[in-house]
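Notes follow once the structure below has been shown.
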Amino acid sequence: EDQVTQSPEALRLQEGESSSLNCSYTVSGLRGLFWYRQDPGKGPEFLFTLYSAGEEKEKERLKATLTKKESFLHITAPKPEDSATYLCAVGSGGSYIPTFGRGTSLIVHP
Amino acid sequence: NAGVTQTPKFQVLKTGQSMTLQCAQDMNHNSMYWYRQDPGMGLRLIYYSASEGTTDKGEVPNGYNVSRLNKREFSLRLESAAPSQTSVYFCASPMMGDSQETQYFGPGTRLLVL
């Protein structure tokens with residue numbers, strides 16, 4: 001059974017204070033690891049898909065990296081508008097059904 | 001291009017009442033999914049449809065039924081609502097080009113069962 005664990009559950013940062021969110025996973029044959037952003041009262045919004053260990057992707061202040069056991073979402077010099085819940089999910093084997101983690105709630109104070 | 005749309009946005013039901021949540025996508029995707037999201041539980045798959053005319057159970061299907069009306073529409077029905085079904089429901093449709101590269105989510109339906 002695929003499992004995804006995200007840490008920390010909640011993170012408070014000051015504006016400009018860089019940090020990382022962690023997504024640990026166990027999966028039988030990784031097909032892809034996905035990061036989403038979810039704002040309060042809205043549906044998740046796709047950020048990145050990573051397919052193999054060593055892969056990195058960037059978007060503005062966000063950078064996602066992948067190893068064989070975990071993924072990190074690095075946030076560089078965050079701004080208050082980066083406040084959201086960040087969700088990680090994995091897809092495995094022949095299944096097209098992703099398994100989601102419980103998310104990390106990020107609050108960036110001005 | 002609206003992506004994934006859901007109706008209604010909010011609903012309050014009494015225990016035992018029935019209702020249907022509607023979802024439509026205009027991206028010409030084959031697959032459509034229904035999730036529920038509860039505090040501390042993350043997103044859990046209720047049912048999915050890999051293609052028009054097919055539906056399959058997900059992780060938490062009990063108390064729900066679905067209909068894939070056509071390629072665009074996928075509805076979720078609660079025949080006899082229970083307080084445990086109070087949740088936020090999301091419809092999603094993945095882009096399947098190279099495995100499930102991404103899922104596009106609707107805005108959600110917030111359901112309260114009294």
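Letters A, B, ... mirror the listed sequences (proteins, then strands); counts begin at 1. Please read all numbers here as calculations on a predicted model, not as lab measurements.
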Regarding B:R77 and B:S18, do their side chains bring together a donor and an acceptor under 3.5 Å, going by distance alone?
yes
Contacting region of A:L47 [heavy-atom separation from chain B under 4.5 Å]
neither
Between B:S51 and B:N30, is there a side-chain donor-acceptor contact under 3.5 Å, judged purely by atom types and distance?
no
Please determine, among A:G41, A:G103, A:G101, the option with the most heavy-atom pairs under 4.5 Å with chain B.
A:G41
Side chain, backbone, both or neither: which part of A:E45 has a heavy atom under 4.5 Å from chain B?
neither
So, the side chain of A:T104 versus the backbone of A:L21: is there a donor-acceptor pair under 3.5 Å, distance only?
no
Check each of B:Q103, B:R44, B:E59 against B:Y35 using the side-chain hydrogen bond (donor to acceptor under 3.5 Å, both in side chains) test, and report the only one that passes.
B:Q103
Side chain from CB out, backbone as N, CA, C, O: work out which of these in B:L43 comes under 4.5 Å of a heavy atom of chain A, or both, or neither.
both
